Each structure stands twice: as structure tokens, then as C-alpha cells.
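What follows is a single structure, written as C-alpha cells, with notes after it.
Any value given below was found using the heavy atoms of this structure, including those in side chains, with hydrogens, waters and symmetry copies removed. The shown structure was predicted, so the numbers you read here are calculated from the model rather than taken from an experiment. Convention: sequence-line order gives letters A, B, ...; per-chain numbering from 1.
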Protein chains: 2
Amino acid sequence: MGVSLKDVASRAGVSIKTVSNVVNNYPHVTPQMRAKVQQAIDELGYRPNLTARHLRKGRTGIIALAVPEFGNPYFAELAGAVVDAAARHDYTVLVDHTAGLREKELLVSQGFRAHVIDGLILSPIHLETEDLTARTDSAPLVLLGEREYEAPYDHIAIDNVAAAREAVRHLIGLGHRRIAFLGSRTGRERQPAHLRLRGWREEHAAAGLEADDALVVVTDGYGREDGASAMAALLDRGERPDAVFAYNDLIAVGAMRTLTERGLTVPGDVAVVGFDDIEEGRYGATTLTTISPDKEAIARLAVDSLVERLAGGTAPEPRRQRPGYRLVVRESTARPPRPR
Amino acid sequence: MGVSLKDVASRAGVSIKTVSNVVNNYPHVTPQMRAKVQQAIDELGYRPNLTARHLRKGRTGIIALAVPEFGNPYFAELAGAVVDAAARHDYTVLVDHTAGLREKELLVSQGFRAHVIDGLILSPIHLETEDLTARTDSAPLVLLGEREYEAPYDHIAIDNVAAAREAVRHLIGLGHRRIAFLGSRTGRERQPAHLRLRGWREEHAAAGLEADDALVVVTDGYGREDGASAMAALLDRGERPDAVFAYNDLIAVGAMRTLTERGLTVPGDVAVVGFDDIEEGRYGATTLTTISPDKEAIARLAVDSLVERLAGGTAPEPRRQRPGYRLVVRESTARPPRPR
């Protein structure tokens, strides 16, 4: 550290507590006191908490990552990647969660903590384009995830339609014909499940097969429980698919649990493909075939975009960037045991 | 909102940008300008971003929760509970992670972001009592988790020894005799694994059985991979336990995957008990018996303790609080198929 709070206090002729109050930007410090302490800080080159580089620019060195939920391992894994990417630029990441609530997404995007963070990486679910165009907060914002917006912000997302098509192509290639889609949402045109559902539909068409809407199940959310109940609903109404393409790995995990409870085997009776490549899918009794988005690339692109905008200068036009993904084939998919 | 930035700007006779700079506590505002803007803010009753209640007290309304890793669902679930508990006191939670690094734990505990947060809830792995007694930051700190400290801070943790004993008692009661412990750590007397290992040992003694140290496996970390390799190591050295008590659910999940790969069934060949009750354990092909700490109570006690100390007045002596836990029996444990 070199220079301490105590050094600053004695140079300024005030108590250590007062210096601390100034450094912490507590509002009850008088402007006179603040000026006196600031002068001592400048003279001694005292470096409070965060890096001088950030502070000189009036920054905190903190960026926020706002995700819909902590409970979804995809976001936990992504958060880890963002922390790593941000560390390379000397930024610290604090993670916030919106609970998938539009109200919370609005608050966060509109600068709820503008005094605390330099920039925001937000993965929205319910925000509308209007919400974003109405944004007044000046802190740079980068969007993540599958929702599409016509708003002037950088947006990082894999090509969800193409990725979904690749998953379905894998199943069709194995010989499956009755392929269910679990995890659709209703009434939200631009929702991610819509893009993945569109991929499911398009790939059927490309293969000259008819996509059967009776095999599409709407879910309330994106969790294990939603997958379990979606699979149960499908079986209860007498639909028995050859294969399942789940909106994400959690829904796939839930669906596999229901299949087990109903005495059906994976992949013998029903093949299952997920989306996200969370670690959990690599450790189940039957490992999960899945679409693996390049989380490191997503995190790196998001942080780099934010840092570029924080650096000022002539900011580039908002960009849409598409990191890669790949299909990872594991135990949950195989050819049907007999011709169907 | 009522009063806007613009209203404040015209009352103070400055630009909106200047008001914004003051509200955001940017350091390059002159004390004179700050005073002028503050006066307009006070006269108009402008309420920037956070609640006036917090701001009047010189607070941000933000508490930090620092966990060892985002990737462990136990901490993700706990974070969700802390967010809920904090919301009841009008506090926002930002989550930080220490990556289980002592250096990062030190930084966080010593007030790395004192200017941003009002208080800290920290779940340490490597901090020593000396680190905590040397702490100079004045922001209230509450400790979570299994490490025991003789330091003047509130500490919330379940009784790990008693909980581990209950898990082992369950296995002994079913008729298991060769009970492995996966997830011990070396060289750290007060590490949590030590407490759970102590429980394993004490319960054997209480039942008049000899605890076999050849069935204890040290792991590098607390993840699925650690559990998988620990189980493999045990089997590779010719030890075939009746049952496994894992340090946590992730280690249990990893161990079950190895058992599956080796052609052994759970619970038929080997019964498995975990610790944490993460949701993942409820959805596997074989659901996991586990110790379920009361995460809501942990979160509530932690937030309440912090809020009480933030309220000032005569703070009580640092307290050690022990929330409850319970054994949840699921499919991964059963009586041995035949007498052994």
C-alpha cells in the first residue's frame, strides 16, 4: 500500500475516521472537509481501495452482471467466465439477479446503481425494445442472451436458430422421427424459446418431415421442475416421442427424471438433447447430449465491448456479435433400438 | 419519481450532467459545485436511485455476499435466499466470489469495496482467525459456513458434526458397516470437512464400530470431478465400501457417476449420502439422500444480524448462531440387499 489512511489523516490534520468517510464518499462530510482530505490524498498519492486508474476517471472499477437467476447453472458458469474476462481488464464483477422479473430488469437497466457501477452486462427475459430505447442512464450496457432487440446496444448471443437446427438434425440423422420440443413459451414473439422452437420447425422442414405441434410443450419456466412436468404432460396425453429436444439442460434433466419414473430408458426408449452444456449434464447416470455455447467467448466479447465503450473516444456503432457453439454428443442420444 | 434530475439542475443553476456527477459521487466535482447541487437536492427532496432512508444515513443500501464459487449450486441457492431476506429490509444484494482464494477473501473482508457496500456476508474457506482479528474495515461483517473462528463477528453455521453424525447413523441403521468418507482435506484443522469427518468418526465410535481410515479419501476441491476421482481412487486401491458419506452433494454426484461407470448400482451395491440438498440431487436417475441445511434460516439470520449491526445503537456481543438441518432420505440409500 505504501501510504496509509493514517498518513493522509495526519497530513490533512483530521481524524482517520474523517479520511475514511471521505474515501467512502459518505454524504455527511462537509465540502470543506472533503476538499482538505482530497488535497492530502492527492499530495501523498494515497490509493484508496480500488485502482487509481479507475478512480482518476471517476470510476469504481466495478461492472455488474445481471442475470435472471442464480439457480440456473448456465448463468453461474457464465458469471464465472465474466469474472475471469473482467479481471483481465482490471475490473471487478458484482452479480445481480433480476429473478426474471420485468420490473427488476427495468430498474437494473435504467441505472438503479449508477453510482456504484461503471457498466452493466444484462441478460434480459422480459424487457421490451421500448424499455431499452427509453433508457436514460449513461453507463454502458451490453446485452446477452437470446432475446432480440432493435435498440442501440451491443448484443452478444449465439445463433439460436442454427444451434437448435443442429440439435434436431442430430436426432433426425440418428433415425428419430417423433421429436418433441419441451420448453416453449406462449405469447412472446421474441422469446428465446421461440428461436429454438423455430429451429426445431425449420430443421423438420429441411429434412422433408412434418413437425408435429402435438409434441410441443409450453412450460412456465426453464427449470428442472418445468422439464419434469412437461414430460409428464406429454406422456399423460398419450404422446410418446422417440426423442426430446429440450429448451435447455435443466428441462432435459427434469424430462429424464420423469422418463425414469415412468420406467422408460434414455436413450433406449427416448433420446434426449439439451442446450447450455452445464456441468451437471456430464455427471448424471446418463450423460446429456447438448448444444454447448462458447461461454468463454460470450463473456470475453461482452466484457471487451463494455471496456471499449468505457474507454471513450469514438464509440463504434452498436454491434451484434455471435459467438460459437457446438453439439456435444453424449450418452442420452443413440439410434433407435429397432426401425420405427 | 416526482422530482427529476432536470428539476434539480434548474434549481441549482447547473447542467443535468453536473447533477448526475454529484449524485453518482464522481470525484472530479468541485466541493463548491457539490454543495450547490446538494442544497437543491435537499430543497426539492430529490430521491436519487436508492432509497432516501439509506442515503440519509450515508449508506448505499447494498450488502455484498461473498461466496467461494458461483459454480456450486449450494451457494447459488443460498444467494437466492439471501436476496429474499435482504429485500425484506429494503437492501439489495450484490454477489461476489472469492474463487476460494485466500488473497481474494482477505481483500473482500478488509473492505475492498467499503465505498460501495454497507455490510458484508462472507463465507470463507481459507481465512485465518488472525486475518479477521486484523481487520480494520468498519463495515459490519457476518460469517457463514463451517470454518470456526475466534474472531469478534457473528457467525451462522449449522452444527456440522451433529449433522454428519446423523447421516452416518442413517447408514449404520440401514445395516451398512464399511462407510467411506469422500472429501476430506489435509492440513487444515478447522476446515469444514474436518467437522464432517469428525462426525463420521464419532458416530462410528458411538455405534461401537471401528472407523476405517482406509475409506477416507482426500480431495482437492468440492466439485463433481473431485467426487468422481475420489470414488475411482477408492475402487482402484481395492476398497469396496457398502456406503459413501460425501462431504457434499456435488462430491456425491461425482461418486455416483463413477459407480455407474464401474457397473455398480446405487443403492444396491453402494448407498450414497450427500450434504447440502441442492436441487440437482432431487432430479437424478437415482435421487440423493442428503443433509438439508435450512438455507432460508441461514440467510435470514445472516441478514438480520447485519441489519441489526447497521442500525447502530448498542450492538450485542458477537453471536454464534446455529440454524437447523434435517436428513432427507431418498433413493440413494437402502438396506444392503443381503446380510454382509
Handout entry: Nearest atoms (heavy-atom pairs only) where A:D96 meets B:V93
Key = OD1-O, 3.9 Å
Completion exercise
Residues A:Y283 and B:G254: closest non-hydrogen pair is CD2-CA, 4.1 Å
Handout entry: Closest non-hydrogen atom pair, B:G80 against A:F70
Key = N-CD1, 4.0 Å
Exercise for the section: State whether the number of non-hydrogen atoms from other residues, nucleotides or ligands found under 6.0 Å of A:E225 atom CD is greater than 12. Expected result: no
Handout entry: Proximal component of A:T286, with respect to chain B [non-hydrogen, under 4.5 Å]
Key = backbone
Handout entry: Contact class of A:E280 relative to chain B, heavy atoms under 4.5 angstrom
Key = both
Exercise for the section: Hey, could you give me the OG1/CZ distance between B:T30 and A:R34, rounded to the nearest 0.5 Å? Expected result: 12.0 Å
Problem - Atom NZ of A:K36: over 12 foreign heavy atoms under 6.0 Å - result: no
Handout entry: salt bridge (Lys or Arg N to Asp or Glu O under 4.0 Å) against B:D276, all qualifying residues, sequence neighbours excluded
Key = none
Fill in the blank from the handout: Under 4.5 Å to a heavy atom of chain B? For A:V253 that would be both
Exercise for the section: To the nearest 0.5 angstrom, please state how far the OG1 atom of A:T92 sits from the CG atom of B:L94. Expected result: 12.0 Å
Exercise for the section: Considering only NZ, NE, NH1 and NH2 on the basic side and carboxylate oxygens on the acidic side, decide whether A:R257 and B:E279 come within less than 4.0 Å. Expected result: no
